[in-house]
Amino acid sequence: MPTMTYDPDNIFAKILRGEIPATKVYEDDETLAFMDIMPRADGHLLVIPKTPCRNLLDASPDQLATVMQAVQKLSHAVMKAFGAEGVTIQQFNEAAGGQEVFHLHFHVLPRREGDRLRPPGQMGDMEVIAGHAEQIRAALA
Ligand code: AMP
């Protein structure tokens, strides 16, 4: 059985501490949203709680409640920003469940009818991602 404790050196913890950069689109006292660097759809972003937890399995009711409110807010924003007809939310738990970064996060992916998600693991163009982030910030304003 792997250890399931929170690793404070995971990459999203480093983003929260400002140790590595991120293209942020939304922030409040409890949550942060930033662009995924390997976008599977235009506007693909991640929503995380600011407080530590590995995933859904160890999250507190408060962490889940606040992060889901932000997920809903960002879902409306990406639909508006990209003229999307729907939104896909993805969330993975532990390596066997597909999780690669061990700080709770929700993927928000705007979709149009017939759209296929791009394959995972392909680095995005950071200028294009910055433009998409600006569209989302404008939709939130
Ligand atoms: P998963 O844990 O399977 O949900 O995958 C982690 C996600 O984080 C992937 O979609 C990666 O593209 C994304 N990711 C990894 N490092 C960064 C980073 N520094 N900034 C933004 N997104 C990242």
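Throughout, numbering of the chain's residues begins at 1 and tracks the sequence. Atoms within a ligand are numbered from 1 in the order they appear, just like the ligands themselves.
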Side-chain atoms of residues 37-44: list all donor-acceptor pairs with protein atoms under 3.5 Å, sequence neighbours left out, distances to 0.1 Å.
{"residue": "R40", "atom": "NE", "partner": "R118", "partner atom": "O", "Å": "2.7"}
{"residue": "R40", "atom": "NH2", "partner": "R118", "partner atom": "O", "Å": "3.2"}
{"residue": "D42", "atom": "OD1", "partner": "R118", "partner atom": "NH1", "Å": "3.4"}
{"residue": "D42", "atom": "OD1", "partner": "R118", "partner atom": "NH2", "Å": "3.2"}
{"residue": "H44", "atom": "ND1", "partner": "R40", "partner atom": "N", "Å": "3.0"}
{"residue": "H44", "atom": "NE2", "partner": "D36", "partner atom": "OD2", "Å": "3.4"}
{"residue": "H44", "atom": "NE2", "partner": "H107", "partner atom": "ND1", "Å": "2.8"}

Acceptor/donor pairs from residues 66-74 side chains to any protein atom, 3.5 angstrom cut, sequence neighbours excluded:
{"residue": "T66", "atom": "OG1", "partner": "D62", "partner atom": "O", "Å": "2.9"}
{"residue": "T66", "atom": "OG1", "partner": "Q63", "partner atom": "O", "Å": "3.2"}
{"residue": "Q69", "atom": "NE2", "partner": "A65", "partner atom": "O", "Å": "3.3"}

Can you list, pair by pair, the side-chain donor-acceptor contacts under 3.5 Å of residues 123-133, counting residues two or more places apart and other chains?
{"residue": "D125", "atom": "OD1", "partner": "E127", "partner atom": "N", "Å": "2.8"}
{"residue": "D125", "atom": "OD1", "partner": "V128", "partner atom": "N", "Å": "3.3"}

Show the distances, to 0.1 Å, for all pairs joining an N/O atom of ligand 1 and a protein N/O atom that are shorter than 3.5 Å, listing one pair per line.
{"residue": "ligand 1", "atom": "2 (O)", "partner": "E100", "partner atom": "N", "Å": "2.6"}
{"residue": "ligand 1", "atom": "2 (O)", "partner": "V101", "partner atom": "N", "Å": "3.0"}
{"residue": "ligand 1", "atom": "2 (O)", "partner": "H105", "partner atom": "NE2", "Å": "3.1"}
{"residue": "ligand 1", "atom": "3 (O)", "partner": "G98", "partner atom": "O", "Å": "2.7"}
{"residue": "ligand 1", "atom": "3 (O)", "partner": "E100", "partner atom": "N", "Å": "3.4"}
{"residue": "ligand 1", "atom": "4 (O)", "partner": "H105", "partner atom": "NE2", "Å": "2.5"}
{"residue": "ligand 1", "atom": "4 (O)", "partner": "H107", "partner atom": "NE2", "Å": "2.6"}
{"residue": "ligand 1", "atom": "10 (O)", "partner": "D36", "partner atom": "OD1", "Å": "3.3"}
{"residue": "ligand 1", "atom": "10 (O)", "partner": "D36", "partner atom": "OD2", "Å": "2.5"}
{"residue": "ligand 1", "atom": "12 (O)", "partner": "D36", "partner atom": "OD1", "Å": "2.5"}
{"residue": "ligand 1", "atom": "22 (N)", "partner": "I37", "partner atom": "N", "Å": "3.4"}

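For R112, the CZ atom is loosely surrounded, since the number of other residues' heavy atoms within 6.0 Å does not exceed 12.
For the atom pair N55 CG and Q99 CD, the distance stands at 4.5 Å (nearest 0.5 Å).
For the pair D29 and K50, the minimum side-chain heavy-atom distance is 4.5 Å or more.
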